[in-house]
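Computed from a predicted structure; not experimentally measured. Order of the sequence lines sets the chain letters (A, B, ...), proteins ahead of strands, with each chain counted from 1.
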Protein chains: 2
Amino acid sequence: MSSKPVSLKVLAAHLGLTVGTVSRALNGYADISPATRKRVQTAAKELGYRPNQNARRLSIGSPETVGYLMPRLNHSGSQPFIAQLLQGLGEALGKRHWDLLVTHADSSQDELAHIERLVRSGRVGGLVISRPLKNDPRIRLLQDLKFPFVVHGRTASCDNYAWYDVDGEDAFVTAVNHLVALGHSRIAFVGAPLQHQFAQDRLNGYQTAIKANGLPLDPDLIQIAEFSDDGGEMATNLLLDFAQPPTAVVCISDTVALGALAALRARGLRPGIDVSVIGYDGLKFGNHSNPPLTTMAQPQAHAGRRLGDMLLAIIDGDDPAMHQELQRAQLLRRKTDGPLHCAKAQQDISKREEIQ
Amino acid sequence: MSSKPVSLKVLAAHLGLTVGTVSRALNGYADISPATRKRVQTAAKELGYRPNQNARRLSIGSPETVGYLMPRLNHSGSQPFIAQLLQGLGEALGKRHWDLLVTHADSSQDELAHIERLVRSGRVGGLVISRPLKNDPRIRLLQDLKFPFVVHGRTASCDNYAWYDVDGEDAFVTAVNHLVALGHSRIAFVGAPLQHQFAQDRLNGYQTAIKANGLPLDPDLIQIAEFSDDGGEMATNLLLDFAQPPTAVVCISDTVALGALAALRARGLRPGIDVSVIGYDGLKFGNHSNPPLTTMAQPQAHAGRRLGDMLLAIIDGDDPAMHQELQRAQLLRRKTDGPLHCAKAQQDISKREEIQ
DNA sequence: TTGCGCTCCGAAACCGGTTTCGGTTAGCGT
DNA sequence: ACGCTAACCGAAACCGGTTTCGGAGCGCAA
């Protein structure tokens, strides 16, 4: 950077005014005559004056910046929405000329230390965190610090803080009901480790719907696997090895569902005909899977913007508990769901009815 | 934020020292006795002192922050990398305790104004930009401002600035050669609008390889479409409507290639048997397309870290031209490439040989 | 004892803005 | 001509750090 940025001082010298006057002129104070204000403004534009944000923020006592804590990308499932989320956050913050700082902890161990450092260093005035655990220590820490934050997702007890989430429980109720309406009764669930609340929510939805439909809750049909396509494939293989394999599988994510499809195809089973599969997320990519994946599509479009607006409102003093937004996912039928009609499955149904 | 952060002033008062002394003690100056240094350090740890970064950065004259200009997400092809890229950038910057600021211009028109504001406001000490155009005004602007920056990708004349890129030309030479080795001679290219240099590079690679293999350069076989799955599908439909349709298609991205696969399947053509398709990117998702997509996989893993390291080095004074890194993509064979063997294609080949 | 140098810390300027406070000037009425 | 008020701007404190400079206090040798 060669040409040093023009500071308030040189602008003032150039105008024959003091820095204080120039500052007030640019910031719209009433005790500046319209004439000089105009003069200052044009001079500022000519010289390309931009206030040094570090100085400004130090002075006004606000960092005018919020931080986003990137989730660790070990599990490949979290990548698709980050770009959209950041874009939305950026839009919301941009309206007030706030900045977006993106950070990630080096390891999950020192994530708390990372947050505390971030907060106390005054670099950010608020924080956005993603994918909370059931009982997330980050949330407790931020509450203890009384620091403004919003959560993309929810914990088990979701009171007293702001969050934006898609109702995973409701989504899986919808998915299961849909499969039941298609005639399925042996419906399996392929999930992910339950430390994340979203995994628990979706499992809850599955269980609720199974019971509500008067179906037996077979523990064999609940498989907790790695949150990836490989995990979905392995879990589905286990399911298919049972004496009475399921005729339908709901998967915790589209990525996992793709693994399930792979397992089915490897055995010559036709997804959507022999075994139905429903995913969750609504990724565009599901259009191109083999066959195209039926899924519960979540409205990811303005999650970022909503979270940004919430956070700014909270920083302005709003009660965080006021800002809790639950969206619903919608069934997006493509080609992996279909009516029960293979002979073997019919057998299973009749057996179940005898037992009842 | 209730409990006000402990400043240098209160820490000094608590110790009976002056702020200057405490600051020097914490920053390792030699003119502080080991005894008081120890005393200051333990007190700082006890009180949880964290220097206010805005004040610190104002004082030392460095923002200790670099900015990343998010590409606009209109074309859905750019999303997959962003998360990985940001993660890598964060790692590189974190080693020196620098921050990462993520911004995006509201519209492409005022992107230049956005950059200038960013630079002059002193919020960032360097910039990372993605997906340059052939002749990118952003790069010219940053060069004029003599501001440190690195580019993820290249422009047509890639001198005098730092970049990290994957050799798209080489990749498409490899892809075409591979198809020729499989017996194909009518090989089509489905590209994207050429304002982006990467689109031009890949087209160049295609053309170079076609010529190098002594094949005719049929303009009909070069289709420029929208950079999306739909674009790929439409372009492929056009290709298949020709009297002599291609027996193989190389696509500018995996997303576009998925559209090509869809077009083939819609006509009952079997990708990899009747018509070969090769994509570019190496997205994991290609494992699950129908059938799994053969592609030129680029090593995206440490792009972010390399770009971050480069940028820091340039900010430290390195000549940008020293930092230019070109990676190669590798052919990742899955199921959409195969030998030429259908009757119609054989005809085409014999015709071509007669002409020669 | 005086003088010298060295160790260690205090004082103050500075980074570039914002904001309060006080004083000068102009304009007005009488 | 005088006083009063309001408009307008200068001066200075302040935000919370960093860094330079100078001086107090000490030990040591002469």
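One interatomic measurement links the two molecules: CZ of A:Arg37 to C1' of D:dC9, which rounds to 13 Å at whole-angstrom precision. For the pair A:Asn54 CG and C:dT18 C1', the interatomic distance rounds to 15 Å; values are reported in whole Å. In this structure, B:Arg123 places its CZ atom 17 Å from P of C:dG16, rounding to the nearest Å. Rounded to an integer number of Å, the gap from A:Arg56 CZ to D:dG16 C1' is 17 Å. For A:Tyr29 and C:dC21, the OH to C1' distance is 13 Å, given to the nearest whole Å. A straight line from CZ of B:Arg39 to C1' of C:dC9 spans 12 Å, rounded to a whole angstrom. Protein atom CD1 of A:Ile32 is 15 Å distant from nucleotide atom C1' of D:dA6, rounded to whole Å. Between the CZ atom of A:Arg50 and the P atom of C:dG16 there is a distance of 17 Å, given to the nearest Å.
Using a 4.5 Å heavy-atom cutoff, the side chains of B:Leu312 and B:Lys95 are not in contact. You'll find the side chain of B:Met70 stays beyond 4.5 Å of the side chain of B:Thr103, heavy atoms only.
Residue-level contact check: A:Asn27 touches the backbone only, with heavy atoms under 4.0 Å from sugar-phosphate atoms and none from bases. The residue A:Ser33 sits close only to the backbone: its heavy atoms come under 4.0 Å of sugar-phosphate atoms, none of a base. As judged by a 4.0 angstrom heavy-atom cut-off over every strand, A:Ser7 is placed among residues touching the sugar-phosphate backbone only. If you check every strand for non-hydrogen atoms under 4.0 Å, A:Leu58 touches a base. Among the protein residues, A:Gly61 comes within range of no part of the nucleic acid, since none of its heavy atoms lies under 4.0 Å from any strand. Among the protein residues, B:Arg57 comes within range of no part of the nucleic acid, since none of its heavy atoms lies under 4.0 Å from any strand.
Taking every side-chain heavy atom of A:Ser59 into account, C:dG17 is the closest of C:dC9, C:dG17, D:dC8. Of the candidates C:dT18, D:dT19, C:dC9, the closest approach to any side-chain atom of B:Ile60 belongs to D:dT19. Among the nucleotides C:dG17, D:dT18, D:dG10, the one closest to any side-chain atom of A:Leu8 is C:dG17. The nucleotide whose nearest atom lies closest to any side-chain atom of B:Asp31 is, among C:dC9, D:dG17, C:dG16, C:dC9. Checking C:dC9, D:dC15, C:dC15 against the side-chain heavy atoms of B:Leu17 singles out C:dC9 as nearest. For A:Thr18, the listed nucleotide lying nearest its side chain is D:dG10; candidates were D:dC8, D:dG10, C:dC9. Among the nucleotides C:dG17, D:dG10, D:dG17, the one closest to the side chain of A:Asn52 is C:dG17.
Rounded to the nearest 0.5 Å, atoms CD1 (B:Ile139) and CG (B:Leu127) are 11.0 Å apart.
Taking side-chain N and O atoms only, A:Thr36 has a distance below 4.0 Å to OP1 or OP2 of D:dC9.
Side chain B:Arg24 to base D:dG17: no donor-acceptor pair is found below 3.5 Å.
With no hydrogens or angles considered, no side-chain donor-acceptor pair links A:Arg56 and B:Asn54 at under 3.5 Å.
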Let's go through A:Tyr68 and A:Ser130 carefully: what are the C-alpha distance in whole Å and the side-chain angles of both, what is the deciding distance for side chain to side chain donor-acceptor pair (under 3.5 Å) to 0.1 Å, and is it a yes or a no?
CA-CA 8 Å; A:Tyr68 173 68; A:Ser130 285; 3.0 Å; yes

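Between B:Phe149 and B:Tyr161, the ring-plane angle classifies as parallel under the 30° and 60° cut-offs.
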